[in-house]
Asks: 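Encoded as C-alpha cells, here's the structure I'll be asking about.
Each ligand, and each atom within it, is numbered from 1 in the order the structure gives. Just the heavy atoms: all of them, side chains too, but no hydrogens, waters or symmetry mates, feed the values below.
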Amino acid sequence: MHQVQLTTPAGACEILVGELLSSRLQMLEQEPVLMIDENVLVQHHDLFEPFRSVIIPSGESYKTLQTVEALYRELVTLETDRSTLMVGVGGGLATDVAGFVASTFLRGTPFGFISTTLLGQVDASIGGKNGVNLDGYKNMVGNIRQPSFVWCDLSLLGTLENREYVSGIAEVIKYGLIWDIPFMDFLEESMEALLKQELSVLEHVVTTSAAIKTDVVQKDEKESDLRKILNFGHTIGHAIERHKGVLHGEAVAVGMVLAARLSHLQGLLTASEVDRVERLALSAGLPVRMKLDPEEIYQNIRKDKKKSGEDVHFVLLKGLGNTIIRPIPLPELKSIVYDLC
Ligand code: GLY
C-alpha cells in the first residue's frame with residue numbers, strides 16, 4: 001500500500017493507494033454513514049451493505065442542489081449528528097456531492113472518500129473541491145474542504161467499463177505533460193500494462209498522480225494561481241463535453257491536444273512535442289480530434305467564463321513538463337478557437 005499526505009492550512013488528508021478496502025472498512029472506528037453512488041452500491045453490495053447509507057443517484061443530471069437537499073433530509077432521518085463520519089463512495093460525481101453535503105450539513109461533519117473510478121482516484125477525489133452544478137453550469141456552487149482520507153482501492157477499477165477506465169487515463173497523461181517528464185516517459189513505456197491494469201503499474205500511476213496533484217494543491221489550495229494548471233486541456237475540454245455527450249476524459253484528451261497545438265502556434269512547443277502529446281493520448285485509446293463547430297465551442301467557453309471574470313485563463317505548455325497561463329480576452333479567443341477547430 002502507498003500513502004500520500006496532503007496538508008494545507010485548512011486541513012489534512014491521508015491518501016491511500018492499493019488493495020485495501022476490505023481491511024480498512026473494518027477499521028472505521030465509529031459507525032459511519034456512507035453516501036454512496038447507486039450503481040456502486042449495486043455492483044459492490046457485499047462490501048457496503050453492512051453500513052448505514054444514503055444513496056446518491058448516478059449521473060451528471062443529479063449533481064444538483066435538489067439532490068443535496070434530499071440527502072440532508074435523509075441524514076436528519078438517520079439522526080446523524082456533528083460527530084458522525086460521512087464517507088462518500090463512488091466516482092468524482094458522487095464524491096463532489098458527498099463532500100459538499102458533509103462539509104455543510106450541521107456546518108460540517110468529518111468526512112472521507114472511497115474513490116471507485118480511475119478519474120476519481122487520480123483527480124476528482126483529491127484536493128478538496130466539493131460542489132454541484134447549477135442551471136447547466138458545472139460546479140457553480142461548492143466549497144473547498146479537505147476530506148480526512150481518500151482510499152483508492154485499485155481492485156475496484158476492474159469492474160469499470162473499459163471506456164470509463166480509459167477516460168481516467170487522460171487526467172494521468174495531463175500530470176506528465178504539465179509537471180513531470182519522467183512520468184510521461186514511464187507512461188509511454190507502460191501504457192500497455194496500464195491498460196491491462198497490471199497492479200504494480202497501476203499502483204505507481206495512481207500514487208504518482210495523487211502526489212503531483214497534492215504537490216500543486218498544497219502550494220495553492222484556493223486556486224489563486226498555480227492550481228489553474230490542473231485545468232490544462234479543460235478550457236476546450238469542458239466546451240466539448242457540454243455538447244458532444246463524450247466522457248470527461250475523452251473531451252479533455254481532445255482539449256489537451258488542441259491546447260498543445262495552440263502552445264505550438266504561440267511558439268512555446270515544437271511540432272514534434274505536439275506529436276508526442278498526440279501519440280501518448282492515442283496509445284491509451286483516447287480520441288485526439290473531433291469534428292467541432294468553432295462557434296459552438298467558443299460560445300460554450302464564453303458560458304464557462306461566467307465563473308472566472310473577463311479573460312479566459314488558458315493553460316499552455318511551455319515545453320513538456322512545464323506550463324504558462326495566458327489570460328486571453330474573449331475576442332482574441334474567438335479567432336484562436338476558429339484557428340484550432
Ligand atoms: N480538477 C482540478 C482541480 O481539482 O483543481
Asks: Among all protein heavy atoms, pick the one closest to atom 1 (N) of ligand 1 and tell me residue, atom and distance.
Replies: D123 OD1, 3.1 Å

Asks: Take the angle between the ring planes of F186 and F183 and call it parallel below 30°, perpendicular above 60°, tilted in between.
Replies: parallel

Asks: Give a yes or no on whether the ring-centroid distance for H2 and H204 is below 6.0 angstrom.
Replies: no

Asks: Specify whether W151 and F149 have parallel, tilted or perpendicular ring planes, treating 30° as the upper limit for parallel and 60° as the lower limit for perpendicular.
Replies: parallel

Asks: Minimum heavy-atom separation for I126 and Q121, please, with both atom names.
Replies: CD1-O, 3.1 Å

Asks: May I ask you to identify the nearest protein heavy atom to atom 5 (O) of ligand 1, giving residue, atom name and distance to one decimal place in Å?
Replies: R227 NE, 2.7 Å

Asks: Starting from atom 4 (O) of ligand 1, find the nearest protein heavy-atom neighbour and note its residue, name and distance.
Replies: K213 NZ, 2.6 Å

